[in-house]
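Worksheet: one structure, shown below.
Because only heavy atoms are used, hydrogens play no part in the values below, and waters and symmetry mates are left out as well, while side chains stay in. As the structure is a prediction and not an experimental result, all values here were calculated from the model. All ligand and atom numbering here is 1-based and tracks the order in the structure.
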Amino acid sequence: MLSSCVRLVSLKFHPPRSLVSRKFQAFQFLVSSPSRPFMDLKALVSSLNDFASLSLAENWDNVGLLVEPSPPHTVKTLLLTNDLTEEVMEEALQKKADLILSYHPPIFRPLKRITWKTWKERLVIRALENRIGIYSPHTAYDALPQGVNNWLAKGLGGCTSLPIHPSKAPSYPTIGTHRVEFNINDTPSMDKFMSAVKEIPEVSITTFSARNDGEEQIRVSLNCTQKALLQVVAFLSENSRLYQKTEILSLEKPLLLNTGMGRSCTLDESVSLATMIERIKGHLKLPHVRLALGAGKTLESKVRVVALCAGAGSSVLQGVEADLYLTGEMSHHDVLDAAAQGINVILCDHSNTERGFLSELQDTLAVHLENKVNIILSETDRDPLQVV
Ligand SMILES: [Zn+2]
């Protein structure tokens, strides 16, 4: 059908061979993929940032769009991987991926040159030469309520889980980062203050009546930025006899209770350590995990509270009360510390506690991106360590 149509065109118009070839290619594209979805990279990145705000990532992290081919860049195929190794890059080329979402950022330390010498540099070269973008969400996905740590917690059985370190909301609930409160004796002093601050941008003021030593006063509450704070305090200092009981408060961003690093999981019903080990192996599809028994514990000891952290959990888990720590890797001395406190430790190797999340992500991202992009999972991505 396709070839006869092309022949018809060719017979009717007798166009040059090169034109037939181009028409054929265009026609083939229309027939084989009549509405093949795609997204412009900018729109896709914006949508990914909506899915997980990069403000949730840790300060030390390097997240977001790390490699960008020159615009416009159309993304039809998005490859998900835990680690972007050279093997995974080869797979991305074969599968014609236009964007790689690598959970771990393949560029972390600054690169001073882009040569063929080291594998990280080669990744950047191959990505740009083949017009493949690289995006990394890393700790932003750790923090998400539907993120990596929540996925890890699903292997424990029925439980209630809360972040060990809750994230803070990306913005302040009110204008400014600071609040200044003070009392004013009379209306002229209030007017003097109002005329002084009206020149200062980003200030919001509320007033209410207050009593000081039986005397009626006006209590002023002023929210402002850190920059405006200096101007406000300078004015108050210059006129200190007019303004009393001054307090300066640093405002905190509100905590997001279901978002953050690590999870403390309280099981609905406690189980033996042996049962928990089997559950974890099943969830992570691992034949082996490494166990450090807590002091005085056996495989029959009950587990009720599990503190977990995907990847390298030492810093997040340190000092957390639990029957069991579950993570990818911890230093020898941190394992000794935990075990001495009677806490069992299960280590699964770093990326084994992360990679399984990508299957869930494939489905949730497909919905979030309204199936406009073909999302595929890397088949070559794996933990570099294996038990032999
Ligand atoms: Zn990791």
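Annotation: side chain to side chain donor-acceptor pair (under 3.5 Å) contacts of R382 (sequence neighbours excluded): none. Remark: H283 pairs with W151 by the ring pair (Phe, Tyr, Trp, His ring centres under 6.0 Å) rule, at least two apart or across chains.
Applying the 4.5 Å side-chain rule to ILVMFWY residues, one finds V180, F182, I184, M190, F193, M194, V197, I200, V203, I205, I218, V220, L222, L229, V232, V233, L236, L242, Y243, I248 in the same cluster as F235.
Counting only N and O atoms by type, the side chains of Q217 and N185 include a donor and acceptor under 3.5 Å apart.
The hydrophobic cluster containing L101 does not contain I107, counting ILVMFWY residues as joined when their side-chain heavy atoms lie under 4.5 angstrom apart, directly or transitively.
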* Asked: Could you go step by step and tell me if Y135 and Y103 meet the ring pair (Phe, Tyr, Trp, His ring centres under 6.0 Å) rule?
  -> CA-CA 8 Å; Y135 179 93; Y103 165 73; over 10 Å; no
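Of all protein N, O or S atoms, those under 2.8 Å from the Zn ion (ligand 1) number 3.
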